[in-house]
Amino acid sequence: MKYNSRRGSLGKYKAIGGWIFVAPALFYFALFSFYPIINAFYTSTLQKDILSLQPPKFIGLENYVYLFRSEDFWKSAEATAVFTLGCFIPLATVSLLLAVFIYSRSKPFQNFLQMAYFSPAILSTVAAAVVWLLVFDPRGLANQWVNFIANTPGIDHKWLALSHMVRFSTVIIYFWKYIGYFTIIYFAGLSNIPRTYYEAAKVDGASSWTQFWSITLPLVKPTIVLVSIIAMIQCMRTFSTQYLFTESGAATEPINVITLNIYRTAMRDRYIGRASAMSIVLFFIILIFSWLQLKVSKTEKISYI
Amino acid sequence: MKRIFVFFVLVLIISGVFMFASENKGEAQKITLLYWTFEDPTLTRLEERFIQEFQNKYPDVTIKRSTYPSGENIEQKVLIAFAVGEGPDIINLEMRASFPYVIYGRLAPIDPEAVGYKSQEEIYNDYLEGTLNVATHEGKLYGLPEQLGSYNLLLNKKYFREAGLDPEKDYPKTWEEMLEVAEKITIREGEIIMRRAFDFRYPQYLISWLPMVQQLGGSFLSKDASRCVINSEAGLRVMQYMAEWGPNGHNFGSPTYVNARKNFNKDDGSIAMCLTGLYQTARLKVENPAFYESREWMFVPYPRFADAVSDNGCNYYSHFFMVNAEKPDYNQKSAWRFIGYMTEHPEEYMAESALIQPRKSLMKSDVFNKYPYADLFIQEIAKSYPVIHHMNALKFEELMKEAIQSVMLTGVDPKEALQRLEQKANEVILGG
């Protein structure tokens with residue numbers, strides 16, 4: 001009995017200690033994430049012009065009703081979906097292959113490749129988009145390279161003009177920028193797989209392909225889930241590239257993603273209530289898809305020990 | 001004990017009163033005014049000097065001048081600042097963007113005495129007729145103009161001659177001639193344009209595109225501004241013109257190429273004509289003095305359609321110095337004083353930055369009358385319409401951008417694009 005109460009008080013101390021350590025993070029989350037979400041939800045029920053000094057009018061869910069009837073919003077949802085699918089699937093798969101490739105190299109080469117692939121991630125998205133805008137200019141490098149490779153001199157591939165090309169261009173930038181970031185995450189996941197598994201497999205005569213399918217892929221699955229969720233969230237929240245592209249004359253409609261629509265609705269049209277409603281919808285879309293991904297990929301823990 | 005407590009309370013109260021009084025005194029004596037304006041390298045030296053002179057005259061006032069890129073950038077900075085109640089004391093913004101601020105009471109009506117006049121009436125008498133109307137709401141004036149502007153065609157004579165044209169005679173007077181001239185000047189490598197003859201001022205559709213529609217008798221809004229009427233024969237013809245101009249038509253230009261005005265000053269062979277304001281001459285002088293001195297450039301009027309029913313040029317716009325209505329009275333008064341001081345020097349704005357402040361005295365001055373092409377701009381403005389001032393003017397411009405881009409870039413039928421533009425604009429007007 002005495003022992004139990006001691007254990008109880010120790011547990012209590014541990015719990016208090018835990019709370020103390022977690023409190024700053026909880027406070028930070030509550031202030032900078034949870035409060036804005038609640039506030040955005042509240043604002044989404046208002047009809048409010050951000051310049052007006054009049055008290056906002058409570059309109060319930062009217063902003064949501066408007067959105068679901070709005071052709072513009074659905075087009076934005078489509079642009080976001082196309083971008084996300086076009087970007088996060090290649091990101092999640094190619095970065096895994098790259099990580100496996102880097103992992104199989106010698107140590108100095110590994111370090112160099114990691115640094116090389118990661119470097120675009122350090123660059124700000126705005127700076128990256130500005131550089132790529134020059135590449136996609138009709139007289140820029142993109143046309144020159146493609147025309148050189150395909151031997152089609154003088155062809156303008158209209159990187160910023162045609163609907164599918166402008167979408168493709170934004171995907172290229174995002175892919176280029178984040179491929180290294182996800183490669184590094186996979187690399188960390190791969191580093192946790194004991195080398196002995198591969199050695200044992202080699203002794204058993206397993207080919208590289210079999211090793212990849214039977215050892216690497218199952219054991220790196222938690223990292224795959226993590227990367228695919230982060231990549232999907234990043235892609236759904238894409239903004240700067242599309243913003244800079246449309247500011248520079250690219251066709252707006254194909255890349256008018258939800259975040260861009262939110263920004264324009266709030267900052268140009270001044271409808272802060274409607275913009276908040278859009279951000280809440282986007283929040284739930286991201287939440288649902290993240291949950292779905294977790295649910296689908298949830299299987300029993302794999303261990304070869 | 002009780003006495004000591006009372007003594008301490010009294011000391012606290014008295015010191016509090018003194019502190020409050022001295023703070024208030026300090027507020028009245030020393031203030032800092034925030035002045036936000038757009039980036040113009042030719043203006044910085046001039047306005048910094050005005051600030052210094054004003055501060056010498058009023059040592060209790062400090063002015064902090066901040067500049068932002070013109071267009072959407074400064075408009076959004078100002079919007080966010082006002083939305084959170086942190087707007088600057090003075091803004092210099094295009095009236096098209098600042099109209100909602102006036103309607104929502106975020107800007108202060110002018111203080112005639114502080115800007116150096118006896119009455120509001122006297123201010124109107126000092127400026128060219130009608131030029132202050134855009135900043136007048138319900139009988140009150142909300143600012144003084146920093147500039148009155150419009151665009152005309154700026155052309156590079158060398159590229160005309162290289163194409164076998166005489167720039168003095170063969171410059172395009174009509175939009176139909178523009179297509180012919182463009183065919184002669186444009187240099188392509190396959191489909192890729194290496195030299196554009198001309199290209200539109202793409203983001204500025206209300207200023208530079210709508211006048212084409214107006215020349216053919218159309219307009220964007222009905223006379224009572226209650227609905228959009230762009231879906232007209234005039235609108236359709238201009239939309240078709242844009243489709244013809246773009247990469248899927250004659251391939252003379254596109255919004256995806258670098259802004260024509262930006263490249264013009266470089267004289268690098270990439271552009272022969274662009275639409276721009278008189279201010280470009282002052283910037284040209286700074287950015288490429290050799291080209292400026294060569295006089296291989298000239299302004300010619302904004303083209304008309306051959307069968308135009310209205311002889312209007314480009315729509316004219318105005319930038320106004322305005323004051324934040326939420327600032328304390330003393331700040332507002334000082335802000336108006338500073339604006340009054342700056343606008344006392346229209347000749348210097350003209351000489352240094354080629355900005356026209358539409359004061360009658362400037363029109364009579366040698367500086368204005370001898371300034372190259374200043375007369376052309378004033379003549380064109382006299383024939384033209386002011387840019388639309390509406391609560392949703394910027395939204396209208398965005399919708400125009402979407403429609404024109406869809407026609408030029410993604411091959412949408414001009415008729416369909418025009419219908420959608422009108423429908424969307426009407427939804428906006430109805431508060432949708």
Side-chain angles (χ1 to χ4, degrees), chain A residues 47-54 62 66 69-72 75 133-134 136-140 142-144 147 152-167 169 243-256 260-261 263-272 274, chain B residues 71-73 75-80 82-85 87 97-98 100-106 188-194 199 202-203 246-248 251 253-259 270 325-326 391-392 394-395 397-398 401-403 405-406 408-412 420 423-424 427-428 431-432:
Chain A
Q47 188 179 49
K48 182 174 162 63
D49 186 312
I50 51 173
L51 270 186
S52 172
L53 293 169
Q54 299 292 319
E62 264 182 50
Y66 173 87
R69 284 182 184 161
S70 157
E71 190 193 345
D72 256 11
K75 280 189 176 162
L133 272 170
L134 293 174
F136 290 134
D137 182 274
R139 286 164 296 186
N143 272 340
Q144 288 176 29
N147 288 339
T152 51
I155 298 294
D156 181 4
H157 297 278
K158 296 173 183 158
W159 300 90
L160 303 175
L162 299 174
S163 298
H164 62 279
M165 288 305 280
V166 72
R167 280 174 169 164
S169 304
Y243 174 75
L244 268 167
F245 268 44
T246 53
E247 285 300 292
S248 307
T252 306
E253 207 175 275
I255 54 169
N256 189 21
L260 188 60
N261 201 342
Y263 177 75
R264 296 232 190 269
T265 307
M267 294 301 146
R268 183 203 52 210
D269 311 345
R270 307 186 307 274
Y271 297 140
I272 193 75
R274 193 174 294 165
Chain B
E72 202 170 310
N73 198 304
E75 285 157 12
Q76 278 159 14
K77 290 272 185 317
V78 172
L79 181 69
I80 295 164
F82 270 83
V84 296
S98 43
Y101 295 74
V102 173
I103 301 295
Y104 284 132
R106 305 302 294 262
R188 296 187 194 88
E189 273 179 18
E191 295 171 356
I192 300 165
I193 307 171
M194 305 313 284
D199 217 348
Y202 288 105
N248 299 318
N251 192 20
S254 153
T256 57
Y257 280 87
V258 176
N259 186 327
S270 63
E326 285 164 284
M391 286 292 281
N392 299 105
L394 297 179
K395 173 79 177 172
E397 195 156 56
E398 185 68 23
K401 179 184 167 187
E402 274 175 32
Q405 278 181 344
S406 69
M408 289 184 81
L409 304 178
T410 53
V412 172
R420 276 171 61 188
Q423 184 197 334
K424 283 184 176 181
E427 277 175 24
V428 172

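- Counting heavy atoms of neighbouring residues, nucleotides and ligands inside a 6.0 Å radius, atom CD of B:E189 does not exceed 12 of them.
- Among B:E402, B:M408, B:M194, the residue making the largest number of heavy-atom pairs under 4.5 Å with chain A is B:M194.
- Within the 4.5 angstrom heavy-atom criterion, no atom of A:N256 approaches chain B.
- Residues A:N143 and A:W159 have side chains in contact (heavy-atom distance under 4.5 Å, counting atoms from C-beta outward).
- Heavy atoms closer than 4.5 Å to chain A are found in both the backbone and the side chain of B:T256.
- Nearest approach of A:D137 to B:Y257, heavy atoms of both residues: OD2-CA, 4.3 Å.
- Neither the backbone nor the side chain of B:Y202 has a heavy atom closer than 4.5 Å to any heavy atom of chain A.
- Contacts of B:P203 with chain A are absent, with no heavy-atom separation under 4.5 Å from either backbone or side chain.
- Both the backbone and the side chain of B:V258 have a heavy atom closer than 4.5 Å to some heavy atom of chain A.
- How far CG of A:L162 is from CZ of A:R167: 12.0 Å, rounded to the nearest 0.5 Å.
- At a cut-off of 3.5 Å, with distance as the only test, a side-chain donor of A:D49 or B:Y104 sits close to an acceptor on the other residue.
- Most heavy-atom pairs under 4.5 Å with chain A, from the set B:T410, B:L409, B:V84: that is B:L409.
- Remark: the A:R264 side chain and the A:T246 side chain contain an N/O donor-acceptor pair separated by less than 3.5 Å.
- In this structure, the portions of A:S163 lying under 4.5 Å from any heavy atom of chain B include both its backbone and its side chain.
- In this structure, the portion of B:I80 lying under 4.5 Å from any heavy atom of chain A is its side chain and not its backbone.
- In this structure, the portion of A:A250 lying under 4.5 Å from any heavy atom of chain B is its backbone and not its side chain.
- Between chain A and the residues B:E75, B:Q405, B:E326, the most heavy-atom pairs under 4.5 angstrom are made by B:Q405.
- At a threshold of 4.0 Å, the pair B:K424-A:D72 counts as salt-bridged, since one of the basic side-chain nitrogens sits closer than that to a carboxylate oxygen.
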Worksheet item: So A:Q47 and A:E62, side chain to side chain contact (heavy atoms under 4.5 Å, CB included) or not? Walk me through it.
Response: CA-CA 9 Å; A:Q47 188 179 49; A:E62 264 182 50; 5.8 Å; no

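- Contact of A:P138 with chain B is made through backbone and side chain together, with heavy-atom distances under 4.5 Å.
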